[in-house]
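Bear in mind that the values here come from a model prediction, so they are computed numbers and not experimental data.
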Amino acid sequence: MKIKDLRDFIDRECRIDVAIVVNVTEGKSSKGSKYLSLTLQDSTGTIEAKKWEVSPSDEATLALKKVVCIEGYPLIYNGSQLQFKITDVEPVSSYNEEDLILTSPVDRKILMERFMNYVDSIEDNSIKTIVSEIVLNKYNKLLLHPAAKTNHHEYAGGLLHHEVSMLDLAKAIANLYPTINKDLLYGGIILHDIGKTIELSGPIATEYTVQGKLIGHISIIQTDIVEAAKKHNIEGEVVTLLQHMVLSHHGKLEYGSPVLPLTLEAEVMYQIDNIDSKIVMINKALKDVEVGGNSTRIMGLDGRSFYKHSKSEK
């Protein structure tokens with residue numbers, strides 16, 4: 001059975017044949033016994049799980065990044081949240097890695113085609129040259145990498161999906177407001193998160209790399225912009241403008257941007273980035289919530305818990 005099928009088997013014994021532990025924390029019950037809170041993942045999704053009355057063998061088997069087969073019961077808690085109560089667990093030694101990778105809701109080949117069409121549509125030769133140079137160096141990783149560790153687009157091709165969604169929004173907004181420089185906006189969006197191909201380890205049990213922890217994707221890509229410009233003898237304001245797009249895209253100093261957005265295009269990109277990531281976060285939180293129920297609190301949205309109304313898409 002796959003994780004996506006569990007909601008159809010509430011309170012019935014189930015077996016998930018293969019899943020990977022992507023998060024695990026220890027706790028103690030009111031009776032003082034140890035339990036594990038886990039996040040399990042397969043190619044169809046993730047689920048929060050609990051293992052009560054934990055043995056040393058359970059701890060070893062349910063460690064981070066371990067691939068397991070589990071038995072137990074899917075149940076509803078807090079009125080609307082789906083959770084899996086683990087009754088038995090076994091290690092899995094032989095498996096297909098594709099069975100553990102969260103899949104993109106849009107085919108990655110289609111996403112890449114749409115992405116490259118936007119790269120090709122840039123008319124400013126300096127912007128296009130810098131962007132194309134960096135994209136070429138990151139192409140293969142871009143097909144696989146998530147956009148984040150947990151918050152949004154955290155699946156294979158998630159970074160690509162995030163960028164294409166932002167570019168689609170940018171196209172509509174730029175057509176509505178002709179004072180926006182479309183080439184600069186497209187270039188900034190294409191580059192803004194591409195440093196995550198270095199910052200993050202990949203789509204399975206994603207972690208921050210050494211470069212990600214010590215440098216971060218913003219610094220990584222702004223350095224790449226300078227190097228690409230030098231390679232192609234590009235100088236002047238356009239290099240600074242692209243750097244500014246990347247350096248300011250988190251929008252606020254407390255969110256990790258070393259500078260605030262100070263051009264029209266930088267501000268628009270920040271808002272587009274915010275829109276796409278927040279909508280995906282809300283949709284993710286509401287996915288397994290019953291109509292009339294509330295999501296868990298979303299820390300990236302001020303700790304708010306969102307209500308799933310009767311007009312919500314199924």
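Remark: Glu254 CD is packed, more than 12 non-hydrogen atoms of other residues, nucleotides or ligands lying under 6.0 Å away. The number of heavy atoms from other shown groups lying within 6.0 Å of CD (Glu97) does not exceed 12. At most 12 heavy atoms of other shown residues, nucleotides or ligands fall within 6.0 angstrom of atom NZ in Lys66. Crowding of Lys2 atom NZ: a count of heavy atoms from other residues, nucleotides or ligands under 6.0 Å exceeding 12.
Grouping the Ile, Leu, Val, Met, Phe, Trp and Tyr side chains by contacts below 4.5 angstrom, directly or via other members, places Ile282 apart from Met166. Criterion: ILVMFWY side-chain heavy atoms under 4.5 Å apart, direct or through other members. Under it, Leu38 and Leu100 are not part of a common hydrophobic cluster. Following chains of ILVMFWY side-chain contacts shorter than 4.5 Å, one cannot reach Val226 starting from Ile190, and the two form parts of different hydrophobic clusters. Put simply, Leu185 and Leu169 are part of the same group of oily side chains (I, L, V, M, F, W, Y) that touch within less than 4.5 Å, one to the next. No chain of hydrophobic side-chain contacts below 4.5 Å, direct or via other Ile, Leu, Val, Met, Phe, Trp or Tyr residues, connects Val164 to Met281.
Taking all atoms of both residues into account, the shortest heavy-atom contact from Leu142 to Leu159 is CD1-CD2, 3.7 Å. Across all their heavy atoms, Leu260 and Gly251 have their closest contact at CD2-O, 3.4 Å. Leu36 approaches Glu26 most closely through the heavy-atom pair CD2-CG, 3.6 Å. In plain terms, the two heavy atoms of Ile198 and Thr209 that are nearest each other are O-OG1, 2.7 Å. Considering all non-hydrogen atoms of both residues, Val280 and His152 come closest at CG1-CB, 3.9 Å. Closest heavy-atom contact between Glu199 and Ile220: N-CD1, 4.3 Å.
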Worksheet item: How far apart are the C-alpha atoms of His145 and Lys138, what are their side-chain angles, what is the distance that settles it, and do they pass the side chain to side chain contact (heavy atoms under 4.5 Å, CB included) test?
Response: CA-CA 10 Å; His145 261 63; Lys138 304 285 194 296; over 6 Å; no
Worksheet item: Can Leu262 and His244 be said to form a side chain to side chain contact (heavy atoms under 4.5 Å, CB included), step by step?
Response: CA-CA 8 Å; Leu262 296 175; His244 178 71; 3.8 Å; yes
Fill in: side chain to side chain contact (heavy atoms under 4.5 Å, CB included) evaluation trace for Glu13 with Glu71
CA-CA 7 Å; Glu13 189 171 16; Glu71 295 181 4; 4.1 Å; yes
Practice prompt. With side chain to side chain contact (heavy atoms under 4.5 Å, CB included) as the test, would you mind laying out the steps for Val135 and Met116 before giving the verdict?
Written response: CA-CA 9 Å; Val135 167; Met116 292 308 299; 3.9 Å; yes
Worksheet item: What's the verdict on salt bridge (charged side-chain N to carboxylate O under 4.0 Å, His left out) for Asp302 and Arg304, showing C-alpha distance, side-chain angles and the deciding distance?
Response: CA-CA 5 Å; Asp302 308 314; Arg304 284 175 281 161; 3.5 Å; yes
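Between atom OG1 of residue Thr46 and atom CG of residue Leu82 there is a gap of 10.0 Å, rounded to the nearest 0.5 Å. Rounding to the nearest 0.5 Å gives a distance of 4.5 Å between CD1 of Ile86 and CD1 of Ile70. With rounding to the nearest 0.5 Å, the separation of CG in Asp107 from CZ in Arg114 is 11.0 Å.
A distance-only check finds no donor-acceptor pair linking the side chain of Gln222 to the backbone of Leu247 [under 3.5 Å]. With hydrogens and angles disregarded, no donor-acceptor distance shorter than 3.5 Å links the side chain of Ser257 to the backbone of Leu253. In terms of modelled atom types and a separation under 3.5 Å, the side chain of Asp273 and the main chain of Met269 share no donor-acceptor contact. Judged purely by atom type and a 3.5 angstrom limit, Lys308 uses its side chain to pair as donor or acceptor with the backbone of Leu286. Side-chain N or O atoms of Ser305 include one that pairs as donor or acceptor with a backbone N or O of Ser295 at under 3.5 Å. No donor-acceptor pair under 3.5 Å is formed between the side chain of Lys182 and the backbone N or O of Lys171. Side-chain N or O atoms of His309 include one that pairs as donor or acceptor with a backbone N or O of Lys311 at under 3.5 Å. Using modelled atom types, one side-chain atom of Asp183 and one backbone atom of Asp124 make a donor-acceptor pair closer than 3.5 Å. In this structure, Asn274 contributes its side chain and Ser277 its backbone to no donor-acceptor pair below 3.5 Å. A distance-only check finds no donor-acceptor pair linking the side chain of Thr39 to the backbone of Asn23 [under 3.5 Å].
Ring orientation note: the planes of His153 and His162 are tilted relative to one another, at an angle of 30° to 60°. In this pair, Tyr118 and Tyr186 present their aromatic rings perpendicular. The plane angle is above 60°, beyond the 30 to 60° band.
Only one option out of Val238, Leu241, Leu242 pairs with Ser126 in a side chain to side chain contact (heavy atoms under 4.5 Å, CB included); it is Val238.
Side chains of Ser55 and Asp58: a donor on one and an acceptor on the other come within 3.5 Å. The closest side-chain donor-acceptor pair between Glu48 and Gln83, if any, does not fall under 3.5 angstrom. Side chain to side chain, His249 and Asp193 meet the donor-acceptor criterion of an N or O pair below 3.5 Å. Side-chain atoms of Ser33 and Lys28 form no donor-acceptor pair, as typed in the model, at a separation below 3.5 Å.
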